[in-house]
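This report refers to the structure that appears directly beneath it.
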Amino acid sequence: MSIKNNIDQIRSELPEGVRLVAVTKYHSVEETEEVIRCGVDTIAENKVQDLLRKQEIIKTPVTWHFIGHLQQNKVRQLVGRAALIESVDSERILKKIDSESAKAGIVSDILIEYNLTGEESKTGFTEDQTQIWINDLPELKNVRVLGIMGMGPNTEDTDQIRKVFRQLSTIYDKIKHEYRYDNLEMRYLSMGMSGDYPIAVEEGANLVRIGSKIFSE
Ligand SMILES: *Cc1c(COP(=O)(O)O)cnc(C)c1O
């Protein structure tokens, strides 16, 4: 299988309205360019340094997403360079993105990351913490929340995976219907990776983040 075959295969499985984001972390500039040649228009990286480096070299216009855990001291470099920061996993980082965006004179589009799997290694908000970031919104003039992002549990148990995606979907719908703010526009439910995106799509994902499956042999 080539990158092209893999992408065509994934595309054929995605219903209309589901956006494919290619995760190119661990892969070279050349491989990333190959993905873009295959018609993928959104590329995601999980390290600020990698995103900036690839952006410098790759001249084809493409949309860049950031999906990694973000450190406070890296926010300044990232703001204005990623079209969407999908991984806003704490109130502290949310406020930092807002203040750095204000300094840069821009509004940054972001997703709020949820962690419903309870895995220690993963960061993010729990359902109970929704009010924390919602309450901040009126003061945060330089961020715009476009939805939420989450990951399935690291297990083979598809019932468990489905359960988590269903919870994420419920949180997404609830926020969408209950809150009205100028800087809240629920557009993206980002969930599903190589191993679990078909389930995520069934549960309502409209943005999937796929890496290893694109590059598999
Ligand atoms: C690596 C990564 C992906 C893609 O995972 P694959 O299993 O390689 O498809 C998606 N989302 C996040 C946040 C990631 O870090």
Side-chain angles (χ1 to χ4, degrees), residues 1-14 18-28 31-32 34-36 38 40-52 54 62-71 74 78 82-90 93-94 97 109-126 146-158 160-162 164-165 167-169 171-172 188-217:
M1 287 294 270
S2 65
I3 288 177
K4 171 116 182 45
N5 285 332
N6 290 336
I7 289 173
D8 288 348
Q9 165 71 38
I10 294 163
R11 275 240 178 87
S12 70
E13 291 173 21
L14 293 179
V18 178
R19 184 159 171 193
L20 171 62
V21 175
V23 179
T24 53
K25 63 180 186 199
Y26 315 138
H27 293 275
S28 66
E31 285 172 299
T32 305
E34 172 64 14
V35 169
I36 296 168
C38 294
V40 175
D41 63 4
T42 310
I43 299 292
E45 288 287 334
N46 72 338
K47 296 223 159 54
V48 173
Q49 244 32 270
D50 292 341
L51 185 146
L52 297 181
K54 286 186 181 171
V62 70
T63 301
W64 295 88
H65 284 193
F66 186 78
I67 58 169
H69 174 63
L70 193 49
Q71 284 160 329
K74 298 281 171 63
L78 183 65
L84 186 65
I85 302 173
E86 295 199 24
S87 43
V88 178
D89 57 9
S90 70
I93 211 78
L94 172 66
I97 293 170
D109 285 340
I110 63 167
L111 303 183
I112 300 294
E113 180 173 350
Y114 277 81
N115 172 7
L116 304 186
T117 65
E119 286 165 61
E120 285 286 333
S121 58
K122 290 181 185 162
T123 50
F125 290 82
T126 61
L146 293 187
I148 67 171
M149 184 268 254
M151 285 186 232
N154 193 1
T155 171
E156 299 284 297
D157 183 344
T158 55
Q160 276 296 111
I161 296 170
R162 188 178 296 280
V164 168
F165 287 155
Q167 284 169 341
L168 284 164
S169 202
I171 293 170
Y172 175 82
Y188 294 119
L189 174 55
S190 173
M191 57 185 195
M193 321 199 315
S194 293
D196 55 21
Y197 70 91
I199 305 174
V201 168
E202 282 171 11
E203 296 303 327
N206 58 15
L207 192 159
V208 293
R209 310 176 309 272
I210 301 183
S212 50
K213 189 164 174 164
I214 288 178
F215 299 99
S216 66
E217 295 297 319

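Read the numbers this way: they start at 1 and go in the same order the structure lists the ligands and their atoms.
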With heavy-atom distances below 4.0 Å as the criterion, list the atoms of ligand 1 near [X].
X	result
Arg209	4 (C), 9 (O), 10 (C), 11 (N), 12 (C), 13 (C)
Met151	13 (C)
Ile210	9 (O)
Gly211	4 (C), 6 (P), 8 (O), 9 (O)

Protein residue, atom and distance nearest to [atom], heavy-atom basis:
atom	answer
atom 7 (O) of ligand 1	Ser212 OG, 3.5 Å
atom 12 (C) of ligand 1	Ile67 CD1, 3.5 Å
atom 10 (C) of ligand 1	Met193 SD, 3.2 Å
atom 9 (O) of ligand 1	Ser194 OG, 2.5 Å

Practice prompt. Sequence neighbours left out, what passes salt bridge (Lys or Arg N to Asp or Glu O under 4.0 Å) with Lys54? Give chain and number order.
Written response: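 Checked Lys54 against salt bridge (Lys or Arg N to Asp or Glu O under 4.0 Å); matches are Glu45.
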Worksheet entry | Neighbour count >12 (heavy atoms, 6.0 Å) for atom CG, Asn154 |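 Open: at most 12 neighbouring heavy atoms sit under 6.0 Å from CG of Asn154.
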Worksheet item: Asp109 side chain to Leu146 main-chain N or O, any donor-acceptor pair under 3.5 Å?
Response: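 It does not hold such a pair.
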Item to complete: Check each of Val88, Ile97, Asp89 against Leu70 using the side chain to side chain contact (heavy atoms under 4.5 Å, CB included) test, and report the only one that passes.
Response: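 Exactly one option meets the side chain to side chain contact (heavy atoms under 4.5 Å, CB included) with Leu70, and it is Ile97.
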Side-chain donor/acceptor pairs under 3.5 Å, residues 189-198, sequence neighbours excluded:
unit_1	atom_1	unit_2	atom_2	d
Ser190	OG	Glu86	OE1	2.7
Ser190	OG	Arg209	NH1	2.9
Ser194	OG	Ser212	N	3.4
Ser194	OG	Ser212	OG	3.2
Ser194	OG	Lys213	N	2.9
Asp196	OD1	Met193	N	2.7
Tyr197	OH	Glu13	OE1	2.7
Tyr197	OH	Lys213	NZ	3.3

Discussion item. Does the residue Lys25 have a heavy-atom contact with ligand 1, meaning some pair of atoms that are separated by less than 4.0 Å?
Written reply: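 Contact present.
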Item to complete: Apply side chain to side chain contact (heavy atoms under 4.5 Å, CB included) to the pair Thr42 and His65, showing each step before the final yes or no.
Response: CA-CA 7 Å; Thr42 310; His65 284 193; 3.5 Å; yes
Worksheet item: Parallel, tilted or perpendicular for His27 and Phe215, by the 30°/60° rule?
Response: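 Judged by the thresholds at 30° and 60°, the geometry between His27 and Phe215 is parallel.
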